[in-house]
Amino acid sequence: LSLDSVVVNRASRGRDGAWFGRLFGAIGRLYLGLLALTFCAALLLYLVARDAVFGELPDYALASGLALVPLMLWARYQQALLLALGKLNLRNRATVVANLVALAGLAVFVWLLGWGVPGALLAQGLASAVAATLGFRALWAAARGLLGRHEPLLPLAADGAKAHASAVGHYVYGSVDVVTLNSVAGAAAVGWYQMALRLIGVGLALPGAVATVFRSRMGGLPPKESWSRQRGPVLLTVLVTLAGGAIAWLIAPWIIPLLAGEEFLPSVDLFRALLPILFGRSLELLLVPQIFARGYFLAGSAVALFLAAISTGLFLWLIPAEGLDGAVTAALIAFALLPALVYLGWMAWFERDLRRWETVS
């Protein structure tokens, strides 16, 4: 239920020394409840509609996936709690170690031992176990002795449900283009388009990292005060990202064939055309922590669903009509123009709210 987004909001409300213990206890209880519901739903689907839902997946794969759910779900909540507690270094260490374990597991179980899919699942399981446990000791130490009282569960779950619509919107937001393009233009066009978008994603690494730092430093601060500290870094990060995009535009004809081979030369023009996405997506990554910290869960989800609906319509209209060129046009509108307008509006709202707060203070 996207409770990791709600954790940001509750951390910004924390004003006394007991807030984290109450939040940790509530998240733990909700985690157990959601886990039970997940297992019941999976069992019901297996018994009632196994072939329709799971197709020909073997039982061991289904069992492995279900066994991974507790670890992967808690790892997500634990990362959010570590950020709320300001333990950014510990959170990053857990992420790096888990990724290294996954790579090492794939090398040993799949490449050396030749275990195939079971080996890959085992590697993923070990990585998830690391991600779900490395850092738990720090959370427990911070919450121990403060677990008697906890946040009311119903408001937490309700806010999580509101924020969850945003996650659903983003899944739709980022998949319709590829599915439609594949049906119209074929696998080669999808490969060129995906390569260009993936490289755009690499260009968003800095805004994503800065947004993570924002989340880790919002605990105990009113959102208006945190925005007064974040507004400068937001502008600087966007400018640096755009400067990096300009450099990428220049070196794209050299770097893309080097990374992917001569077959991906068509991705060069696509990548250059899609570079404006860096602006809209940077604003989105950097401002979403403020949106959720202020408790605007429904508003944030409404924006995500709106963008998902518009992008779906654009891709379903332009790709059949214009193929790959239509995908680029739709992507520029859906991933660059509309997010830029929406999040510039959010930024103006934050600025207006900050001026009011400074006047009252």
Checklist entry - Got a sec, which pairs hit salt bridge (Lys or Arg N to Asp or Glu O under 4.0 Å) with one end in residues 258-274, sequence neighbours left out? => result none
Any side-chain heavy atom of [X] within less than 4.5 Å of one from [Y]?
X	Y	answer
Leu307	Val303	yes
Pro257	Phe264	no
Trp227	Met347	yes
Leu88	Leu83	yes
Trp346	Glu351	no
Leu197	Ile277	yes
Leu23	Leu81	yes
Val342	Glu284	no

Does [X] use its side chain to pair, donor to acceptor, with the backbone of [Y] at less than 3.5 Å?
X	Y	result
Ser267	Trp192	yes
Ser311	Ala308	yes
Ser301	Lys162	yes
Arg10	Val6	no
Asn99	Thr95	yes

Taking every non-hydrogen atom, the tightest pair across [X] and [Y]:
X	Y	result
Pro70	Tyr31	O-OH, 2.8 Å
Phe315	Ala334	CE1-CB, 4.5 Å
Met195	Ala260	CE-CB, 3.3 Å
Val268	Ala252	CG2-O, 3.8 Å
Pro289	Met218	O-CE, 3.7 Å
Val184	Ile319	CG1-O, 3.7 Å

Item to check | Check against side-chain contact (heavy atoms from CB on, under 4.5 Å), Asp177 and Tyr193 | outcome: CA-CA 10 Å; Asp177 53 347; Tyr193 175 79; 2.7 Å; yes
Can you tell me how far the [atom1] atom of [X] sits from the [atom2] atom of [Y], to the nearest 0.5 Å?
X	Y	atom1	atom2	value
Ser216	Asn89	OG	CG	9.0 Å
Ser64	Gln124	OG	CD	11.0 Å
Asp51	Leu57	CG	CG	10.5 Å
Leu34	Leu3	CG	CG	6.0 Å
Ile200	Arg198	CD1	CZ	12.5 Å
Leu134	Arg93	CG	CZ	7.0 Å

Next on the checklist: Would you call the rings of Trp74 and Tyr77 parallel, tilted or perpendicular, taking 30° and 60° as the class edges?
Outcome noted: perpendicular
Next on the checklist: Test side-chain contact (heavy atoms from CB on, under 4.5 Å) on Ile256 and Leu265; report intermediate values, then the result.
Outcome noted: CA-CA 7 Å; Ile256 290 178; Leu265 271 175; over 6 Å; no
Does [X] belong to the same Ile/Leu/Val/Met/Phe/Trp/Tyr cluster as [Y], with side-chain heavy atoms less than 4.5 Å apart forming each link?
X	Y	answer
Leu305	Val288	no
Phe335	Leu316	yes
Leu73	Leu121	no
Val96	Leu71	no
Leu286	Val213	no

Next on the checklist: Please determine whether side-chain contact (heavy atoms from CB on, under 4.5 Å) holds for the pair Leu106 and Trp111, giving the CA-CA distance in whole Å, both sets of side-chain angles, and the decisive distance to 0.1 Å.
Outcome noted: CA-CA 7 Å; Leu106 289 171; Trp111 183 53; over 6 Å; no
Checklist entry - Would Ile310 and Leu314 count as a side-chain contact (heavy atoms from CB on, under 4.5 Å) if you check the C-alpha gap in whole Å, the side-chain angles of each, and the deciding distance to 0.1 Å? => result CA-CA 6 Å; Ile310 295 296; Leu314 286 170; 3.8 Å; yes
Next on the checklist: Through direct or indirect side-chain contacts below 4.5 angstrom among Ile, Leu, Val, Met, Phe, Trp and Tyr, which residues connect to Leu337?
Outcome noted: Leu341
Next on the checklist: With a 6.0 Å cut-off on the ring centroids, do Phe214 and Phe292 count as close?
Outcome noted: no
Checklist entry - How about Trp249 and Phe271: are their ring centres within less than 6.0 Å of each other? => result no
Next on the checklist: For Ile291, run the side chain to side chain contact (heavy atoms under 4.5 Å, CB included) check against Phe297, Phe350, Trp349 and tell me which one passes.
Outcome noted: Phe350
Checklist entry - Out of Leu37, Leu35, Leu43, which residue meets the side chain to side chain contact (heavy atoms under 4.5 Å, CB included) rule with Phe39? => result Leu35
Item to check | Carboxylate-amine/guanidinium proximity below 4.0 Å for Arg50 and Asp59 | outcome: yes
Checklist entry - Only one of Arg217, Arg215, Gln290 clears side-chain hydrogen bond (donor to acceptor under 3.5 Å, both in side chains) with Ser226; which? => result Gln290
